[in-house]
Amino acid sequence: MKIERIELRELQLPLVHFFETSFGRTTTRRIVLVRVEAEGLAGWGEVSCGEEPFYSHETPETAWHILRDFLIPWSLGKEWAAPSEVVPRFRSIRGHNMAKAALENALWHIEAQQKNLPLAKLVGGTLAEVPCGVSIGIQNSIEELLEKIEREAAAGYQRIKVKVKPGWDLNVLERIRAKFPRILLMADANCAYSLADAAHLKEFDRFYLMMIEQPLGWDDLLDHAKLQREIATPICLDESIHSADDARKALEIGACKIINIKLGRVGGFTAARQVHDLCRAGNVPVWCGGMLESGIGRAHNIAMSALPGFTLPGDVSASKRYWAEDIIDPEVTVSARGTIRVPQTAGLGYTPNLERIEKVTVRKEAFE
Ligand code: OSB
Ligand code: MG
């Protein structure tokens with residue numbers, strides 16, 4: 001396929017409720033969207049980075065820069081045999097996986113339309129329905145958190161993830177387990193601890209969590225391996241895994257037992273499938289992480305979650321948990337059993353709502 005035109009835009013979308021992690025609180029998302037035109041078709045991709053360089057080094061500004069000055073000039077007017085060519089063609093650009101993923105995923109969206117296949121099927125998905133969990137941020141009080149857990153569990157979500165940090169951890173988990181002894185529960189620390197906290201983290205074992213996500217540094221596989229030898233709770237890595245090679249090394253040294261795959265963090269569907277295939281071959285469960293995506297990124301996450309190795313409920317949940325009005329039609333909904341039906345129609349299975357997208361766009365630039 002030949003890429004004829006690419007449009008970048010930045011949206012500002014207020015969250016219906018703030019989202020707080022050990023990094024801080026987000027109230028409005030800044031989302032960069034990529035729209036690629038090729039052979040009469042349009043494909044969309046979303047840059048999933050946060051507003052600040054806290055979860056990763058990428059921000060909307062760095063993504064805009066890398067796309068505008070490198071990825072887009074290297075793509076326009078070129079022949080692309082397959083979306084998977086994005087990885088080798090951009091290999092000399094170090095990092096910036098979320099910017100790369102937005103472009104690559106837009107090409108997958110185009111190819112799904114060209115081949116008249118649902119995106120999920122095109123990337124190898126086999127599941128008709130994907131199991132969903134929710135990620136609940138740090139709240140103003142434990143009572144508010146307990147209320148939220150009650151509401152999400154009653155809505156049918158299959159597992160509850162809560163955010164933890166020093167000072168909002170054992171006290172919170174104690175209260176959750178006292179009220180909800182049976183829910184599938186996990187905790188995400190977003191790198192808030194160090195190996196010096198091993199004895200403290202060992203106390204998490206008494207809450208029989210499904211896993212603890214990314215307790216230690218984003219670049220520290222070795223200490224995760226040491227910690228995993230000391231605690232019973234399985235470690236799941238998020239921030240540490242940027243490629244299939246990272247996943248291989250983490251598993252080889254025992255740094256984790258589970259991996260959270262995010263399309264943006266690993267750089268798009270090609271790399272995500274490699275991480276998935278590696279984990280599946282080693283019987284390591286994976287699940288789809290979320291980055292508070294708009295409907296476009298959410299639709300891509302649903303397609304990826306249809307791969308057969310995604311055996312654990314992910315963080316992909318209903319649009320209405322994030323947005324008063326999503327930018328796709330229909331919005332993403334979750335069944336009473338806590339599942340999302342994987343669209344069976346060609347392409348993304350959701351239609352970007354241009355009128356709505358235009359309304360929340362704060363800047364736009366087109367490249368021909
Ligand atoms: O660590 O998984 C994370 C959101 C932003 C940045 C990092 C993370 C998260 C979430 C939210 O946990 C997942 C979601 O609901 O999209
Ligand atoms: Mg995480």
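Numbering of ligands and ligand atoms starts at 1, following listing order.
- The proximity of Lys262 to ligand 1, defined as any non-hydrogen pair under 4.0 Å, is limited to the side chain.
- Near Asp238, the atoms of ligand 1 lying under 4.0 angstrom from a non-hydrogen atom of the residue are 1 (O), 2 (O), 3 (C).
- For Glu239, no nitrogen or oxygen atom sits less than 3.5 Å from a nitrogen or oxygen atom of ligand 1, counting backbone and side chain alike.
- Considering both main-chain and side-chain atoms, Asp188 comes within under 3.5 Å of ligand 1 through a nitrogen or oxygen pair.
- No part of Gln214 comes within 4.0 Å of ligand 1, judged by heavy-atom distances.
- Rounding to 10 degrees gives 180° for the angle at the Mg ion (ligand 2) between OD2 of Asp238 and OD2 of Asp188.
- Contact check for Phe207 versus Glu174: side-chain heavy atoms found under the 4.5 Å cut-off.
- Taking a cut-off of under 4.0 Å to the non-hydrogen atoms of Gly290, the atoms of ligand 1 that pass are 2 (O), 4 (C), 8 (C), 9 (C), 10 (C), 11 (C), 13 (C), 14 (C), 16 (O).
- Side-chain heavy atoms closer than 4.5 Å link hydrophobic residues (I, L, V, M, F, W, Y) into clusters, and following such links, possibly through other members, connects Phe23 to Val47.
- Looking at atom 6 (C) of ligand 1, its nearest protein heavy atom turns out to be Met291 SD, 3.6 Å.
- When heavy-atom distances to ligand 1 are checked against a 4.0 Å cut-off, Asn190 comes that close only through its side chain, counted from C-beta outward.
- Residue contacts with ligand 1 leave out Arg321, since none of its heavy atoms falls under 4.0 Å from the ligand.
- The nearest N/O/S atom of Glu213 to the Mg ion (ligand 2) is OE2.
- Proximity to Glu213 (heavy-atom distance under 4.0 Å) selects the following atoms of ligand 1: 2 (O).
- With a 6.0 Å cutoff to the six-membered ring centre and a 45° limit on the axis angle, Arg29 does not count as a cation-pi contact of Tyr322.
- Residue-environment remark: CZ (Arg341) stays at or below the threshold of 12 foreign heavy atoms within 6.0 Å.
- Here the side chains of Arg9 and Ile31 are not in contact, with every heavy-atom distance at 4.5 Å or above.
- A donor-acceptor pair shorter than 3.5 Å can be found between the side chains of Asp169 and Tyr193.
- For ligand 1, the atoms sitting less than 4.0 Å from at least one non-hydrogen atom of Tyr55 are 7 (C), numbered in the order shown with element in parentheses.
- Neither the backbone nor the side chain of Thr26 has any atom closer than 4.0 Å to an atom of ligand 1 (non-hydrogen atoms only).
- Counting only heavy atoms of the protein, atom 16 (O) of ligand 1 lies nearest to Leu292 N, 2.9 Å.
- Judged purely by distance below 3.5 Å, without hydrogens or angles, the side chains of Thr339 and Glu129 pair a donor atom with an acceptor atom.
- Closest to atom 15 (O) of ligand 1, if we only count protein heavy atoms, is Tyr322 OH, 2.5 Å.
- Remark: ligand 1 and Phe23 share no N or O pair separated by less than 3.5 Å (distance only, no angle test).
- Residues His17 and Lys148 form a side-chain contact, since some pair of their non-hydrogen atoms from C-beta on lies under 4.5 Å apart.
- Of the protein's heavy atoms, Phe19 CE2, 3.6 Å lies nearest to atom 4 (C) of ligand 1.
- Taken to the nearest 0.5 Å, the CG atom of Leu209 stands 12.5 Å off from the SG atom of Cys236.
- Considering both main-chain and side-chain atoms, Asn260 never comes within under 3.5 Å of ligand 1 through any nitrogen or oxygen pair.
- Here the side chains of Val172 and Val164 are not in contact, with every heavy-atom distance at 4.5 Å or above.
- Geometrically, Arg356 does not engage Trp323 in a cation-pi contact defined by less than 6.0 Å to the ring centre and at most 45° from the axis.
- Using a cutoff of 4.0 Å between basic side-chain nitrogens and carboxylate oxygens, Arg321 and Asp326 are not scored as salt-bridged.
- At least one N/O-N/O distance between Lys163 and ligand 1 falls below 3.5 Å.
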